[in-house]
Amino acid sequence: MESESLHLNIDYVGSSGVILSPEQKTALQTSLKILQSENKCHKVYFWGKILGIKDDYFIAQGVERDEMSGKRTFYSKDCFHWGLLPPASKSMRENSKLAKGRFTGDASYEFEHTESKKLGEGEDATEEEETVTIKEEDRLASVVAEIDEDVCIVPRASFIRTPDGEVIANRSFEGLTVSEAAKLCAYMHFREPNNLKEKSLLHKANLEKSIDFMDVLEDDIPKGSWSLQFERGSGLVTLRSLLWLGYVFYHIPGTRKFGSVYVGTGEKNMDLPFML
Amino acid sequence: MSTPQTPVNQELNLNLKEQKYIAAKSYLLGASTDTGLNLYDHLSTILSRVLDQRPDNAVDIFEDLSKDAKRSKFKSNADTVQNKIDQSTEVALAQVQKKLFARAGGEEGEVEPDEEVETPLPNLMELCFFFEQAGIGLNREEIYRVWLALKGLVDSHPLQHVRFWGKILGTEQNYYVAEVEYREGDEEEEEEEETDEHAEEETADKEGEEEGEEEEQEEDDTPKPDFKPPPVVPKEDNRTGSNKKVYFVCNDPGKNWQKLPTVTPTQISVSRQIKKFFTGRLDAPVISYPPFTGNEANYLRAMIARISAGTNISPLGFYQFDEEEEEEEEGAARDNFVENLDFEGIPVRDLVEPSLNNWVHHVQHILPQGRCTWWNPVQKTEDDFEDEEEEEEREEPDEPEPEVGPPLLTPLSEDAEIGNMPPWTARLSSSLIPQYAIAVMHSNLWPGAHAFASGKKFENVYIGTGHKYSQENFSPASPPAIQEEFPSGPEITEAEDPTPEEEAALRAAQQEAAEAAEEMEEAEEEEEEDD
């Protein structure tokens, strides 16, 4: 959700129970501006909130002109003092999946995970315990990266890939029509495509190169991992991810207004297949 | 057009540069096979437009200009289609919600009696304001619509108490839930019709069963299984236990409120074993294992009962037990409380203490059985099957341990931890102006359940998908173990067939024996004859 008009846009996701208190709104309005100028970001997005037991983390993302590759993530507990999160490396993300339970709200907290390994075979087998410690800050960075990768979405044609590979906002995007907005194929994952290459040649021939360079939601597994609802009749379309409960995307058909926010516990819904 | 010109150009003896120029121009003039446009005209249109309008940084928006020029080509100037406005769903919903805004006094002559007892309608906007301080809740406009809808509910039903319980997010639609209590006696009237229907159905069912049994007895062929299903735990009466309150739901404020059916203990205990998303349609089936009896309306009702029991909390001392009732029985759990008129309010600082001693549950705990008060299954069976006393005596049923839960108005400090996580998180709504902050409680066991308290005011709300939190992943109940086979013994064990040799040997042996016997007989006979 763009920080520029956060105080207005946050209302669009209010029906999903995402609300900022006046104090938080005010603080964010001031602090995100400062964050943007200090870090020389092209734009700052309010990414959302991860609920901890003692404290919540507010997350903001600063982007370069190329919004897909140049991303920096910041976190704050009081909406005012922002700290830079480390970029999530692969090993960090692997490790943080081992951490169980909710975030505590203390960035220096360390989760411990013990794994018992069997050494040797037959009767000589001895069990050895290996302890992995995961810092909460690292886990936070990995979870943000995971969510961005799994569920961060944009309407089709809202971003274009320029001939030199940059991904920039499409100036001539004028919003989806109501009938388009009701289909999952009109929304795309804002990430490097994973399953675009596996499409048939016939399908690929029909794609517009500068627009269809990302995966569409229609191919997501399992089917039904998105809940698409129209609110206010058809004046507002809301997509909620059932995989990451708390991720809400909104778009007003016929306008350039769209955005998303995550407010949740930062735990993936692994039970999804049983719940549909 | 260009082909006839080529020889002419050559004739004109143009130099090389001019020839190249003409070749390039003719290429640019080539019409596209798809659209019939050519690049030369297109570029000249754009350039003339740029020179006309002189936009800043024309090179940056060149693509847009190009697109715009192309698009304007196709625009039909006739306005016949554009004037027709689509009656979108947006309008349809607005029409539905229009009736929310109808004034009660609109109907002439109907003067509202001023002396009516206090309206049960809560001051929802005030509560919304408090929740907003804590960053919980819904849009203000949405809340206001809910408020209007609640008003409609109050006007159309004889209610004593109404509360906005919360919102459940479904996959297709959402539910707004209202918690109500009927005025004494009024509920029965309204329910009579329903219960009559139910009773008829039940009797019909019973008759059907009896008939079936008779038929079976006549034939008396098929063996009956000696399995007796465990007795069904009876559901709690209205106004007690898990059926204390009545719930109404609607998908959109303005649409009709629908009353949820009462909940049965079986539904509660099954709902504990399954985890399903709500779809938003009350008549949707709940497909699960173990099978859930009823449709989504029943599932929703069961979840509401569980969430209420787990998360409806109030500051200590706001409610107190009725002193008259206190003397009745010591053993029985007290399930009635009254508002404490002398309640002074607890300082906010004390309310957010991590010990949580200052908050109490004001909804009864639901036992594992699915009821709030324990019901003894054994006693019931003895009454029912008096004829089978002998059997009962032989079996000596164990007296089951009565299930006991925490009594009403138990402080939150008694709540069980989730793993090593505290079940509640207490916070102040503001750190910058703590003087006017309110105390806010977030449930960690039921994410989405919140409560606030400030002075004498408090309220609970639930906004979420309606699932309990667990650190472990959900694993569906496994199907029961395979039934044991009939114990194998010599009488049912199949023996190996004898080989031909064995058969031959046996036959030979038999023959020999027979011959020997015959000989013996003959010999005996001879002997007898001799005698």
Side-chain angles (χ1 to χ4, degrees), chain A residues 10-27 49 51-56 77-78 80 100-102 104-105 160 162 170-172 178 210 224 226-236 238 240 242 245-246 248 253 263-265 267 269-272 274-276, chain B residues 60-61 63-64 67-68 86 88-94 96 131-142 166-167 169-174 252 274-277 280 288 418-422 425 427 429-433 442 444 447-448 463-465 467 469-476:
Chain A
I10 197 80
D11 266 1
Y12 294 128
V13 289
S15 62
S16 307
V18 179
I19 290 266
L20 290 177
S21 75
E23 183 180 313
Q24 289 159 358
K25 264 191 227 176
T26 330
K49 194 160 91 166
L51 306 172
I53 301 240
K54 278 194 221 91
D55 260 317
D56 300 340
K77 288 202 275 191
D78 54 1
F80 212 87
K100 248 187 208 168
R102 292 267 300 269
T104 60
I160 49 170
T162 59
N170 183 2
R171 281 179 41 92
S172 49
V178 173
S210 60
W226 289 93
S227 142
L228 190 149
Q229 291 185 13
F230 278 108
E231 275 167 47
R232 309 178 186 174
S234 53
L236 173 68
T238 311
R240 292 194 199 112
L242 304 181
L245 287 174
V248 191
V263 176
T265 56
E267 286 165 298
N269 182 12
M270 302 302 260
D271 310 332
L272 178 62
F274 301 115
M275 294 169 73
L276 293 170
Chain B
D60 293 338
I61 58 165
E63 288 90 345
D64 296 329
K67 253 188 201 165
D68 209 38
D86 184 24
S88 63
T89 45
E90 212 169 345
V91 182
L93 185 73
V96 169
F131 276 122
E132 197 184 329
Q133 301 306 304
I136 310 164
L138 305 169
N139 278 342
R140 278 191 217 166
E141 293 80 19
E142 197 176 350
K167 181 176 179 180
L169 307 175
T171 55
E172 290 165 33
Q173 294 179 83
N174 310 315
D252 261 313
I274 62 177
K275 197 174 179 188
K276 300 282 282 183
F277 276 119
S288 66
I418 319 159
N420 41 21
M421 251 166 53
T425 298
R427 283 211 199 122
S429 68
S430 168
S431 54
L432 298 176
I433 314 176
H442 305 275
N444 294 331
I463 298 168
T465 51
H467 295 121
Y469 179 83
S470 78
Q471 283 187 319
E472 301 299 324
N473 291 340
F474 169 74
S475 54

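Hydrogens, waters and symmetry mates are skipped; everything else that's a heavy atom, side chains included, is used. Protein chains get the first letters and strands the later ones, always in sequence-line order, with residue 1 at the start of each.
Contacts of Glu142(B) with chain A are made by side-chain atoms alone, with heavy-atom separations under 4.5 Å and no backbone atom involved. In this structure, the portions of Ser431(B) lying under 4.5 Å from any heavy atom of chain A include both its backbone and its side chain. At a 4.5 Å heavy-atom cutoff, the contact between Tyr469(B) and chain A is made by side-chain atoms alone. The contact between Leu138(B) and chain A is made by backbone and side chain atoms together, counting heavy-atom distances below 4.5 Å.
For Asn473(B) (side chain) and Met270(A) (main-chain N/O), no donor-acceptor pair under 3.5 Å exists by modelled atom type. Arg427(B) contributes a side-chain N or O that, together with a main-chain N or O of Lys54(A), makes up a donor-acceptor pair within less than 3.5 Å. Under a 3.5 Å cut-off, the side chain of Thr171(B) and the backbone N or O of Ser227(A) do not form any donor-acceptor pair.
The most heavy-atom pairs under 4.5 Å with chain A, out of Glu63(B), Glu472(B), Glu141(B), His442(B), come from Glu472(B).
Summarising the geometry of Glu23(A) relative to Ser429(B), their closest heavy-atom pair is OE1-O, 4.2 Å, with the distance given to 0.1 Å. Closest non-hydrogen pair, Gln133(B) versus Pro22(A), comes out as NE2-CG, 4.2 Å. Lys67(B) approaches Ser172(A) most closely through the heavy-atom pair NZ-OG, 3.6 Å.
To the nearest 0.5 Å, atoms CD (Gln24(A)) and OG (Ser430(B)) are separated by 9.5 Å.
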